[in-house]
> 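The structure that follows is given in the form of structure tokens.
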Amino acid sequence: MPELPEVELTARNLRTWARGATISDARIAKTRITRGGSIDARALIGRRIASVDRRGKWLRLTLDDDRRLFSHLGMTGRWVRRTIDAPEERSERLRFDVTRRDRETSLRYLDQRMFGRLLVADEDIEEWTSLGPDPLIDGVDGRLLARAIGNRKRTIKEVLMDQAVLAGIGNIQATEALWRARIDPRTKASELSSRRLGALARAIGWTLDRTLGLEEGPEIQYVEDPGAPNPFVVYGRDGEPCPRCRTTLVRIVLGGRATVLCPTCQLNQDVE
DNA sequence: AACGGAACCTGAAAGC
DNA sequence: TGCTTTCAGGTTCCGT
């Protein structure tokens, strides 16, 4: 589920909760979350969490012995803070009890569908190093987009979601940004003018900032959480009027993913 | 090489 | 009411 904004908020939470803290206990359930490796939880006990970083949708917790814990949230992963005596939750896959200044709390990684990943490594893993530029860390503008896209011929929506092109953009952020920039998601990426790419870069900044602002708080609110209203402008709103021109928004499928667009205003026309 | 589609999972919501 | 189908914000693999 999570895209760049949710992962960024998670990184900020983990810094607040755990940076500088010592792991006093660690337990990991044996599930497919650790595929591609295995984690010896006992070997983490006693280590201090030196720093927490995010790149794209990946999190990296660096320990004081320079080993790193990598975490990808997949579709349903979330890190939460609990009291030390809170009972194990249904989808709990990893638990860290951490101590800082004599205060002990418990960090839990929850992941219902287990598409997420957890890996421990001595150095940065390929999944981390192969990520493209991150819009929040590296900034994003039309030139950078043009360079990242190169002459890729897939649709701009699919290319935007390619983590090697731009790190952190998923289905929601791509949908929202393309609507904002008035670009038809089916356009071949290499066919966008530099002017269009400039508009797209600004639109990406707009939707990321907007989503980050919506999600400030102790726990990330997902759209699909029961009772939570959809906070997005067009994502999940097919059948509703376009907020800009009132045309009914339509749903198509691109690269196997639901895509909402306005058939009237997403026509790649410059508007100033 | 590039593409569409299925697979990996669980559970909530919609459909009948 | 209860059973069935569809769908979900991610990634990877497989066959054409």
Side-chain angles (χ1 to χ4, degrees), chain A residues 1-10 29-37 54-59 70-79 89-93 109-119 125-132 134-136 149-180 185-186 188-191 204 207-208 210-212 214-215 219-239 251-261:
Chain A
M1 295 170 105
E3 301 185 28
L4 188 154
E6 293 78 15
V7 184
E8 173 63 20
L9 266 296
T10 301
K30 207 166 58 187
T31 67
R32 62 189 303 276
I33 300 260
T34 55
R35 63 194 176 281
R54 177 199 62 78
R55 186 154 192 94
K57 299 171 193 170
W58 279 93
L59 293 163
F70 290 91
S71 167
H72 191 294
L73 306 180
M75 288 279 263
T76 49
R78 359 173 351 213
W79 283 91
E89 293 174 47
R90 196 201 326 222
S91 58
E92 195 174 301
R93 314 301 179 189
Y109 175 69
L110 315 178
D111 193 342
Q112 179 185 107
R113 290 170 71 184
M114 295 183 288
F115 289 157
R117 298 185 68 189
L118 290 167
L119 290 163
I125 58 175
E126 203 263 339
E127 290 90 330
W128 174 273
T129 57
S130 65
L131 293 169
D134 181 288
L136 235 53
I149 288 169
N151 69 340
R152 285 168 204 258
K153 292 174 180 61
R154 305 196 94 171
T155 68
I156 184 60
K157 169 126 184 292
E158 292 169 282
V159 170
L160 272 185
M161 292 171 63
D162 182 338
Q163 302 302 296
V165 173
L166 202 59
I169 305 300
N171 201 28
I172 291 184
Q173 299 302 323
T175 297
E176 299 276 288
L178 289 164
W179 174 83
R180 177 75 171 186
R186 294 163 289 198
K188 299 259 177 291
S190 57
E191 291 174 4
I204 289 168
T207 182
L208 292 178
R210 183 177 177 278
T211 308
L212 274 168
L214 291 171
E215 290 177 334
E219 270 192 37
I220 298 159
Q221 278 288 308
Y222 292 141
V223 194
E224 305 294 338
D225 281 352
N230 176 1
F232 298 106
V233 179
V234 292
Y235 172 81
R237 296 194 181 280
D238 48 300
R251 178 189 189 274
I252 62 170
V253 175
L254 279 183
R257 316 300 302 279
T259 304
V260 177
L261 66 105

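Proteins get letters first, then strands, A, B, ... in listed order; numbering begins at 1 in each.
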> Please work out whether the ring planes of A:Phe70 and A:Trp58 are parallel, tilted or perpendicular, with thresholds of 30° and 60°.
perpendicular

> Give A:Arg90 one of three labels, base, sugar-phosphate or nothing, depending on what nucleic acid heavy atoms sit under 4.0 Å from its own.
sugar-phosphate

> Would A:Phe115 pass as stacked on B:dC9, i.e. its ring centre under 5.5 Å from the base's six-membered ring centre and planes under 30° apart?
no

> Taking atom C1' in both B:dA1 and C:dG10, compute the distance separating them and give it to the nearest angstrom.
23 Å

> Mind checking the P distance from C:dT11 to B:dA12? Whole angstroms is fine.
24 Å

> Heavy atoms only, 4.0 Å cut-off, all strands: where does A:Gly256 land among base, sugar-phosphate and nothing?
nothing

> If you compare every side-chain N and O of A:Arg113 against the phosphate oxygens of C:dG10 (OP1, OP2), does one of them come in below 4.0 Å?
no

> Can you check the A:Asn230 CG to B:dA13 P distance for me, whole Å?
14 Å

> Using a 3.5 Å distance criterion without hydrogens, assess whether the side chain of A:Arg237 forms a donor-acceptor pair with backbone atoms of A:Asn230.
yes

> Under 3.5 Å for both donor-acceptor distances, Watson-Crick or wobble: does C:dG2 have a partner, and if so which one?
B:dC16

> Counting any heavy atom closer than 4.0 Å, what does A:Arg32 reach on the DNA or RNA strands: base, sugar-phosphate only, or nothing?
sugar-phosphate

> Hey, does A:Gln173 reach any base, or is it just sugar-phosphate, or nothing, if we go heavy atoms under 4.0 Å?
nothing

> Tell me whether the side-chain N or O atoms of A:Glu6 pair up with the base of C:dG9 as donor and acceptor below 3.5 Å, since no angle test is needed here.
yes

> Measure CD/A:Glu176 against P/C:dG9 and give the value in whole Å, please.
12 Å

> Determine yes or no for a side-chain-to-main-chain donor-acceptor pair under 3.5 angstrom, with A:Thr76 supplying the side chain and A:Gly74 the backbone.
no

> Would you mind reading off the distance between A:Leu254 atom CG and B:dG4 atom C1', rounded to a whole angstrom?
12 Å

> Roughly, in whole Å, what's the span from CD1 in A:Ile172 to C1' in C:dG9?
4 Å

> Between B:dG11, B:dC9, C:dG10, spot the one nearest the side chain of A:Gln112, thanks.
B:dG11

> For nucleotides C:dG9 and B:dC3, find the distance between their C1' atoms and express it as a whole number of Å.
23 Å

> Does C:dT11 have OP1 or OP2 under 4.0 Å away from a side-chain N or O of A:His72?
yes

> Once you apply a heavy-atom cut-off of 4.0 Å, does A:Glu3 come out as touching a base, just sugar-phosphate, or nothing?
sugar-phosphate

> Could you tell me the separation between the CZ atom of A:Arg117 and the C1' atom of B:dC8, rounded to a whole number of Å?
13 Å

> Looking only at atom C1', what distance separates B:dG11 and C:dT12, rounded to whole Å?
23 Å

> Return no unless some side-chain N or O of A:Lys57 is found under 4.0 Å from OP1 or OP2 of C:dG10.
yes

> Examine C:dT11: is either OP1 or OP2 under 4.0 Å from a nitrogen or oxygen in the side chain of A:Arg35? Give yes or no.
no

> Please check if the side chain of A:Arg93 supplies one atom and the backbone of A:Gln112 the other of a donor-acceptor pair under 3.5 Å.
yes

> Of all the heavy-atom pairs spanning A:Gly170 and A:Glu3, show the shortest one and how long it is.
N-OE1, 2.9 Å

> For nucleotides B:dA6 and C:dT6, find the distance between their C1' atoms and express it as a whole number of Å.
16 Å

> Just the rounded figure in Å: distance from P of C:dG10 to CZ of A:Arg55.
18 Å

> Counting N and O atoms only, with roles assigned by atom type, does the side chain of A:Gln163 sit under 3.5 Å from a partner on the main chain of A:Ile169, one being a donor and the other an acceptor?
yes

> Take atom CD1 of A:Ile33 and atom C1' of C:dG10, then tell me their distance rounded to the nearest Å.
12 Å

> Is there a donor-acceptor contact under 3.5 Å from the side chain of A:Arg117 to the main chain of A:Arg35?
yes

> Choosing from B:dC9, B:dG4, C:dC7, which nucleotide comes nearest the side chain of A:Arg251?
C:dC7

> Can you tell me the distance, in whole Å, between the CZ atom of A:Arg154 and the P atom of B:dA2?
9 Å

